[in-house]
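For reference, the structure is listed below as structure tokens.
These numbers were taken from a predicted model, which means no experiment stands behind them. In what follows, residues are counted from 1 in the order of the sequence shown.
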Amino acid sequence: MKKFLVIALGIFLSMSNVSAEQPKAQEYREILSSEKFYVEYDDAYVKKIIVEEDGRRMSRIALNSKNQNLVDVLNPIAKLFEGGFSKYPDFMYYKGKYYKFSEKESALMIRTDQLENINLNPNEGWSVIDKELSLPDELAVFNWNGKFHKVAPGVAAPVFANTLKKIIDNKEYTCDRYESEVKNSKGEKEATIIFDMCYDSKGELALVQSAIFANGKEYGINKLTVKKILREIPKDAIILDKNAKIYAAGIGDMNDLLENPVLLGKLSEIQDS
């Protein structure tokens with residue numbers, strides 16, 4: 001009887017540990033799985049913003065605050081020309097169409113059914129458009145099967161493993177660890193991808209570290225700093241110019257060769273057509 005109670009207690013404690021995500025984890029999961037959210041994070045040298053609203057997915061990339069300060073010091077004149085330009089999206093998806101903005105008043109556009117066209121101009125970068133619009137793997141932990149997020153074959157959805165304390169850049173964080181198994185074509189486990197979702201003293205997600213464990217060693221992959229994960233979109237977070245000129249993506253025709261893309265019309269005319 002005592003042995004049974006010990007075993008039962010052990011199972012109970014194990015189950016309790018497995019379900020001990022940080023209190024805000026479920027809230028982040030709900031936000032990033034919803035049809036409206038705002039995400040801002042720093043990843044290495046860049047700051048990225050991702051917006052989901054009214055069926056649109058938009059993203060914007062800029063220098064992160066640390067590097068922008070350096071640019072401001074080295075080239076203060078550049079600040080005079082920033083204005084609202086930094087508010088315009090770099091990429092957008094809406095109603096089966098992808099847009100790649102080169103500047104605020106013009107963009108290239110391609111339909112979803114054209115993405116597999118072997119004659120697409122490789123210089124336009126359409127092969128990575130989903131990645132540009134997707135949450136990074138480190139945040140997709142909360143919505144692994146979300147729109148635009150692609151993973152390699154054999155990579156399983158991350159599963160909560162345990163909670164641990166970590167010192168990162170001289171600060172202590174409480175980190176929820178999630179693990180994703182990587183299997184080969186034979187179904188054999190080859191590695192484990194680790195995601196440490198680290199929360200600050202206020203219980204807010206502050207940064208995420210990813211690594212891969214293989215052959216008995218752990219290798220770091222990435223670290224990103226979380227700035228904001230919000231249900232509501234900040235005012236003017238990303239601005240769309242309805243009069244932006246929309247051009248057709250290059251598909252290997254004569255216009256492509258002449259570098260003379262076909263003008264399709266204004267964004268206000270194209271997006272709902």
**Message:** I'd like to check the side chain to side chain contact (heavy atoms under 4.5 Å, CB included) partners of K131; sequence neighbours left out, ordered by chain and number.
**Reply:** none
**Request:** Would you list the pairs meeting salt bridge (Lys or Arg N to Asp or Glu O under 4.0 Å) in which at least one residue belongs to residues 209-221, sequence neighbours left out?
**Result:** none
**Asked** Counting N and O atoms only, with roles assigned by atom type, does the side chain of D54 sit under 3.5 Å from a partner on the main chain of R56, one being a donor and the other an acceptor?
**Response** no
**Message:** For T174, give me all partners under side chain to side chain contact (heavy atoms under 4.5 Å, CB included), at least two apart in sequence or on another chain.
**Reply:** Q22, T163, K165
**Prompt:** Can you tell me how far CD1 of I110 sits from CD1 of I129, rounded to the nearest 0.5 angstrom?
**Reply:** 9.0 Å
**Request:** Ignoring hydrogens and angles, tell me if any N or O in the side chain of K48 forms a donor-acceptor pair with the backbone of E132 under 3.5 Å.
**Result:** yes
**Message:** Within the 4.5 Å heavy-atom criterion, are R177 and L164 side-chain neighbours or not?
**Reply:** yes
**Main-chain N/O of Y94 paired to Q271 side chain as donor or acceptor, under 3.5 Å** = no
**Message:** Could you work out, with salt bridge (Lys or Arg N to Asp or Glu O under 4.0 Å) as the rule, every residue matching D169, not counting sequence neighbours?
**Reply:** K223
**Request:** Look only at the side chain of H149 and the backbone of S134, and say whether a donor-acceptor pair between them is shorter than 3.5 Å.
**Result:** no
**Complete:** d(F37 CZ, I50 CD1) to nearest 0.5 Å is 6.5 Å
**Message:** In the structure I gave you, are the side-chain heavy atoms of P158 and I193 within less than 4.5 Å of one another anywhere?
**Reply:** no
**Asked** Which pair of non-hydrogen atoms, one from N121 and one from N123, has the smallest distance, and what is that distance?
**Response** OD1-N, 2.9 Å
**Asked** Considering residues at least two apart in sequence or located in another chain, which fulfil the ring-ring contact (aromatic ring centres under 6.0 Å, His included) criterion with Y98?
**Response** Y93
**Prompt:** Just by modelled atom types, is the R29 backbone N or O under 3.5 Å from a matching donor or acceptor in the S33 side chain?
**Reply:** yes
**Asked** Does the side chain of E179 come under 3.5 Å of the side chain of T192 through a donor N or O and an acceptor N or O?
**Response** no
**Those residues that, when tested against V51, pass side chain to side chain contact (heavy atoms under 4.5 Å, CB included) (two or more places apart)** = Y38, I49, E53, M58, I233, I238
**Asked** OG of S106 to CD1 of I246: how many Å apart, nearest 0.5 Å?
**Response** 8.0 Å
**Asked** Is a side-chain N or O of D90 found less than 3.5 angstrom from the main chain of I61, in a donor-acceptor match?
**Response** yes
**With K95 via side chain to side chain contact (heavy atoms under 4.5 Å, CB included) - residues at least two apart** = D272
**Prompt:** Which residues satisfy the salt bridge (Lys or Arg N to Asp or Glu O under 4.0 Å) test with K147, sequence neighbours excluded?
**Reply:** E52
**Request:** Hey, could you give me the CG/CH2 distance between L108 and W126, rounded to the nearest 0.5 Å?
**Result:** 5.5 Å
Ignoring hydrogens and angles, write down the donor-acceptor pairs under 3.5 Å from the side chains of residues 198-205, residues two or more places apart or on other chains.
from: D200; atom 1: OD1; to: K202; atom 2: N; distance (Å): 2.9
from: D200; atom 1: OD1; to: G203; atom 2: N; distance (Å): 3.1
from: D200; atom 1: OD1; to: E204; atom 2: N; distance (Å): 2.9
from: E204; atom 1: OE1; to: K24; atom 2: NZ; distance (Å): 3.2
from: E204; atom 1: OE1; to: Y28; atom 2: OH; distance (Å): 3.0
from: E204; atom 1: OE2; to: K24; atom 2: NZ; distance (Å): 3.4

**Asked** Tell me, which pairs form a salt bridge (Lys or Arg N to Asp or Glu O under 4.0 Å) where one or both residues lie in residues 108-119, sequence neighbours left out?
**Response** R111-D113
**Request:** Answer yes or no: is there a donor N or O on one side and an acceptor on the other, between the side chain of S210 and the main chain of E138, under 3.5 Å?
**Result:** no
**Other ILVMFWY residues reachable from L207 by side-chain steps of under 4.5 Å** = I168, Y173
**Request:** Only pairs at least two apart or in different chains count here, so list each side chain to side chain donor-acceptor pair (under 3.5 Å) that has a residue in residues 228-237.
**Result:** K36-E232
**Asked** Which atoms form the tightest heavy-atom contact between Y219 and A214, and what is the distance?
**Response** CE1-O, 3.7 Å
**Asked** Would you call F142 and F195 a side-chain contact if the rule is heavy atoms closer than 4.5 Å?
**Response** no
**Prompt:** Can you tell if the side chain of Y99 reaches within under 4.5 Å of the side chain of L267, non-hydrogen atoms only?
**Reply:** yes
